[in-house]
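This report refers to the structure that appears directly beneath it.
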Amino acid sequence: MVNEKSFAPWDDPDARPLIRFERVTKRFGDFTAIDDLTLDIYEREFFALLGPSGCGKTTMMRMLAGFEEPSEGQILLSGRDIAHVPPNKRAVNMMFQSYALFPHLSVWDNIAFGLRREGKPKEQIEARVQEMLRLTRLEKFARRKPHQISGGQRQRVALARSLAKAPKLLLLDEPLGALDRKLREETQFELMDIQEKTGTTFVIVTHDQEEAMTVASRVAVMDEGRIVQVATPDVIYEAPTSVYVADFIGDVNLIRGTARARDAGPAPEPDAAAPEAVDPVPGAAAPLPQPEGRRPQPNAMGKWLHDRVLYRILGRRPDEPRQLPPPEPARAPAQPAPAPAATPEIPPGGIEIRWSEDTPPLIAANGDPALDGKPVVLALRPEKLGIARERPAAANLLQGKVIDIGYLGNISTYHVELPDGTMVKAQITNTRRVSRRDITWEDEVWLSFSPTAGVVLEE
Amino acid sequence: MRRAVLIVIPYLWLLALFLIPFVIVLKISLSDVALARPPYMPQLDLSEGWAGIRDFFAALDFENFVFLTTDDLYFKAYLSSLRIAVTATLITLVVGYPIAYGMARAAPEWRPTLLMLVILPFWTSFLIRVYSWMGILSNEGVLNQFLIGLGVIGEPLQILNTNTAVYIGIVYTYLPFMILPIYAALEKMDESLLEAAEDLGASRLSAFWLVTVPLSRSGIVAGCFLVLIPSIGEFVIPSLLGGSDTLMIGKVLWEEFFSNRDWPVASAVAVILLLILIIPIVLFQRSEDKAREAGK
Ligand SMILES: Nc1ncnc2c1ncn2[C@@H]1O[C@H](COP(=O)(O)OP(=O)(O)O)[C@@H](O)[C@H]1O
Ligand SMILES: [Mg+2]
């Protein structure tokens with residue numbers, strides 16, 4: 001829902017940003033908290049600042065709210081430099097990391113605080129507070145003091161209070177940090193809902209990448225006072241531009257090696273040669289390539305149980321088990337004439353990565369041939385790897401031993417050790433029950449991935 | 001069992017240091033003045049047994065309390081003490097609050113030093129400190145000489161032996177009692193609350209009135225009572241710094257005890273004073289309980 005195709009003002013050269021950071025530097029003494037940072041945020045965006053603790057997220061928020069002034073550069077709000085506008089004169093409200101609710105005021109009065117400062121008529125204030133209470137589902141707690149409600153309710157009061165004045169820009173500093181997972185997810189959707197209803201521009205700080213991916217229209221990944229990459233969540237995830245971003249967002253396997261340009265072939269796909277080309281069909285790139293004829297089969301116990309007991313209820317077991325056809329090997333849909341599964345089509349061009357003496361190089365058809373001879377890192381998401389006991393037909397294969405299996409309910413993560421000691425994670429959706437999966441600890445397995453599954457990054 | 005012992009200790013303390021002396025004073029206030037040693041009657045004579053106890057209680061009466069109502073000196077003295085104490089408390093608040101505020105906002109490494117400076121005067125005798133104010137405030141005193149030297153005034157100001165000097169003395173003496181609880185309340189306050197107030201459109205000043213003051217209320221109340229209660233009965237400050245027209249009940253009490261040697265009337269004055277003080281003490285307790293309820 002956040003990725004509505006129509007909403008992408010950052011791609012529109014005529015769009016004017018609501019906020020513009022122009023070469024902003026912020027120093028505390030001789031410590032540089034924000035380092036020469038330039039950034040545009042557009043109206044109606046849900047913009048997430050993501051980064052490890054201490055990278056300067058709160059400092060950026062405080063500069064927007066007016067509690068800190070940039071040491072250098074300027075911050076423009078709707079085109080106006082706001083350096084000398086005090087916090088109480090900015091159409092910006094902030095939800096504090098600590099909530100900062102007034103302990104001597106009731107929930108109602110906390111929410112009304114900002115409205116009263118505007119000197120609005122009483123009926124208007126009452127109506128607005130009532131609306132906010134309804135929005136955040138706090139009607140029942142209006143008369144309570146902050147210490148008489150739970151952490152999650154307090155967080156909602158803080159949210160209602162900062163929303164009450166209908167600010168142009170709402171700053172949320174780790175707003176959901178104190179909530180447990182379920183409430184957190186609920187509130188994330190609530191936030192997105194509120195954002196859609198009110199049309200306010202949100203800037204949210206978080207150090208939880210999942211949260212950023214869920215709520216944001218765009219994500220900025222920060223490191224030590226700088227922005228490393230700004231992009232939509234899917235681009236951040238699928239096409240990180242640096243090892244730092246790839247490593248910070250989600251799980252990733254990093255395979256280090258040396259690039260070697262491949263033959264461009266007769267008609268190189270322009271798509272495949274582009275360095276940032278995203279795997280065209282992310283979901284389809286990761287299937288488990290299975291050799292022909294290999295089907296899930298009941299084990300001996302299952303067969304016995306069925307043939308002796310269950311057939312009365314279920315009927316005879318068909319010789320050919322009823323099931324979906326095996327997934328086709330990974331392949332970009334744009335490519336011509338699918339070849340027989342045994343020899344998967346490998347698009348020409350790109351690079352191959354030599355990473356170990358005794359294994360064939362890995363093929364990255366989306367790698368930039370200009371990287372020839374340079375040390376590179378192939379970043380592979382665990383869910384883009386297939387895992388099988390028998391050697392599958394795939395462009396890229398790695399052999400190793402299962403060291404550990406992380407069972408997460410809906411997915412399982414296999415930790416596979418390659419002969420040289422490298423650990424690689426592969427993530428498989430658990431469509432079958434645990435007892436019926438055939439790969440277990442200490443098994444020799446094959447990991448496979450398509451030539452466009454990974455992202456080639458310069459070291 | 002251990003808990004019972006722990007609870008009993010403060011009660012024993014209260015009994016020994018408050019209740020027993022109070023009962024003794026109450027007894028004296030119900031007695032009659034006598035040329036004897038001690039200078040009042042009756043004395044409890046336990047050698048007579050039950051009859052002695054009965055005679056003793058029969059001789060007690062409220063005569064002295066009735067006497068206090070016949071001479072309006074006492075009523076005026078109570079009233080004037082109350083007025084002086086309340087005024088002095090308010091001045092102390094006005095002087096003490098900014099000091100406490102400054103301390104609470106000072107860099108953390110400075111706070112222990114500042115606290116030390118507030119407590120430092122207690123290291124010298126109270127009497128000597130009040131005496132030294134006589135040297136400062138008198139017509140030939142440091143203050144007048146300084147002001148004349150600057151050319152601000154031509155004639156020395158008459159400050160010593162006026163109510164002004166009493167106010168100065170009380171404010172000076174009890175200032176730490178005002179500063180410390182307010183400081184404690186302000187120091188606990190989360191500064192992001194002020195930022196939140198400003199963020200929501202409050203100016204610095206209104207953030208102070210709407211957030212800082214209400215949140216330091218418990219400190220203000222505690223400080224005010226800690227100053228008000230001892231200053232109502234204050235004796236040393238009005239007698240050293242005050243003039244002949246400074247009327248305070250502490251001074252009256254002293255006169256009755258030591259000049260008139262009328263222990264029963266003096267005790268009656270003390271009992272009434274205590275009853276007057278109990279009202280603010282109870283109010284204080286109430287507000288403490290309420291603050292505790294509202295806290296965390
Ligand atoms: N008022 C301050 N004085 C000195 N250093 C500060 C101040 N505020 C923040 N910093 C430093 O700036 C860096 C960034 O802080 P912050 O923006 O709070 O990080 P985070 O990304 O965790 O929110 C941290 O190293 C912090 O120590
Ligand atoms: Mg922070």
Side-chain angles (χ1 to χ4, degrees), chain A residues 58 61-68 85-106 109-120 125 128-129 132 144-148 154 157-167 169-174, chain B residues 93 97 100-101 104-110 181-225 283-296:
Chain A
T58 298
M61 295 290 232
R62 291 176 57 81
M63 286 196 289
L64 280 173
F67 301 124
E68 308 280 1
V85 183
N88 55 340
K89 298 268 158 42
R90 295 187 182 193
V92 174
N93 283 137
M94 178 152 163
M95 179 179 161
F96 287 71
Q97 197 166 357
S98 59
Y99 306 155
L101 298 181
F102 304 120
H104 58 296
L105 298 180
S106 68
D109 290 325
N110 261 285
I111 297 173
F113 191 95
L115 300 168
R116 290 198 172 128
R117 303 288 81 71
E118 290 174 339
K120 282 214 174 114
I125 294 178
R128 182 73 180 157
V129 172
M132 288 299 116
R144 303 250 187 109
K145 291 273 177 72
H147 69 272
Q148 293 164 325
R154 249 175 259 170
V157 178
L159 182 65
R161 188 180 70 176
S162 53
L163 269 172
K165 290 184 77 172
L169 174 63
L170 184 64
L171 307 171
L172 307 162
D173 194 353
E174 304 206 11
Chain B
L93 176 63
Y97 198 97
Y101 189 87
R105 290 282 164 276
E109 63 267 28
W110 276 97
I182 294 177
Y183 168 76
L186 285 176
E187 206 218 356
K188 272 193 302 196
M189 198 180 91
D190 180 2
E191 251 177 281
S192 67
L193 294 179
L194 292 179
E195 289 185 343
E198 276 188 68
D199 188 64
L200 293 166
S203 65
R204 291 262 163 98
L205 189 67
S206 55
F208 175 78
W209 282 114
L210 294 167
V211 179
T212 311
V213 170
L215 287 178
S216 54
R217 210 191 69 116
S218 65
I220 295 174
V221 171
C224 285
F225 281 118
L283 284 178
F284 175 50
Q285 288 261 319
R286 281 257 185 88
S287 88
E288 285 278 280
D289 287 348
K290 246 169 74 191
R292 202 165 311 127
E293 239 170 70
K296 301 296 166 248

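Since the structure is predicted, the reported quantities are computational estimates derived from the model, not experimental observations. Throughout, protein chains are lettered first and strands after them, A, B, ... in sequence-line order, and every chain is numbered starting at 1.
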Distance in Å, Leu163(A) CG paired with Leu170(A) CG, rounded so as to fall on 0.5 Å steps
5.0 Å
Quick check against the 3.5 Å criterion: does Arg128(A) have a side-chain atom that pairs as donor or acceptor with the backbone of Ala164(A)?
yes
Using non-hydrogen atoms and a limit below 4.5 Å, what part of residues 109-116 of chain A faces chain B?
Phe113(A), Gly114(A)
With rounding to the nearest 0.5 angstrom, report the CD to NZ distance, Glu118(A) to Lys120(A).
4.0 Å
Within a strict 4.5 Å, meaning less than it, do heavy atoms of the Tyr99(A) and Asp190(B) side chains meet?
no
Would a 4.5 Å heavy-atom cut-off, applied to side chains only, mark Leu169(A) and Arg90(A) as touching?
no
Any idea which of Ala158(A), Ala100(A), Ser98(A), Gly66(A) has the most non-hydrogen atom pairs under 4.5 angstrom with chain B?
Ala100(A)
Under a 4.5 Å heavy-atom cut-off, does chain B meet the side chain of Arg62(A), its backbone, both or neither?
side chain
For a 4.5 angstrom cut-off between non-hydrogen side-chain atoms, does Glu191(B) reach Arg105(B)?
yes
When the 4.5 angstrom heavy-atom criterion is applied to Phe102(A) and chain B, the contacting part is both
Leu210(B) versus chain A, the contacting section by heavy-atom distance below 4.5 Å
both
Kindly compute the distance separating OG (Ser216(B)) from CD1 (Ile182(B)), expressed to the nearest 0.5 Å.
7.0 Å
Report the residues that fulfil side chain to side chain donor-acceptor pair (under 3.5 Å) with Tyr101(B), sequence neighbours left out, ordered by chain and then residue number.
none
Go through the structure and list residues passing side-chain contact (heavy atoms from CB on, under 4.5 Å) with Pro214(B), not counting sequence neighbours.
His104(A)
Starting at OG of Ser162(A), measure out to CE of Met132(A) and round the result to the nearest 0.5 Å.
9.5 Å
With chain A as the partner chain, list the residues of residues 199-208 of chain B whose heavy atoms fall under 4.5 Å from it, by residue number, and write 'none' if nothing qualifies.
Asp199(B), Leu200(B), Gly201(B), Ala202(B), Ser203(B)
In Å and rounded to the nearest 0.5 Å, what is the CE to CG distance from Met95(A) to Leu101(A)?
8.5 Å
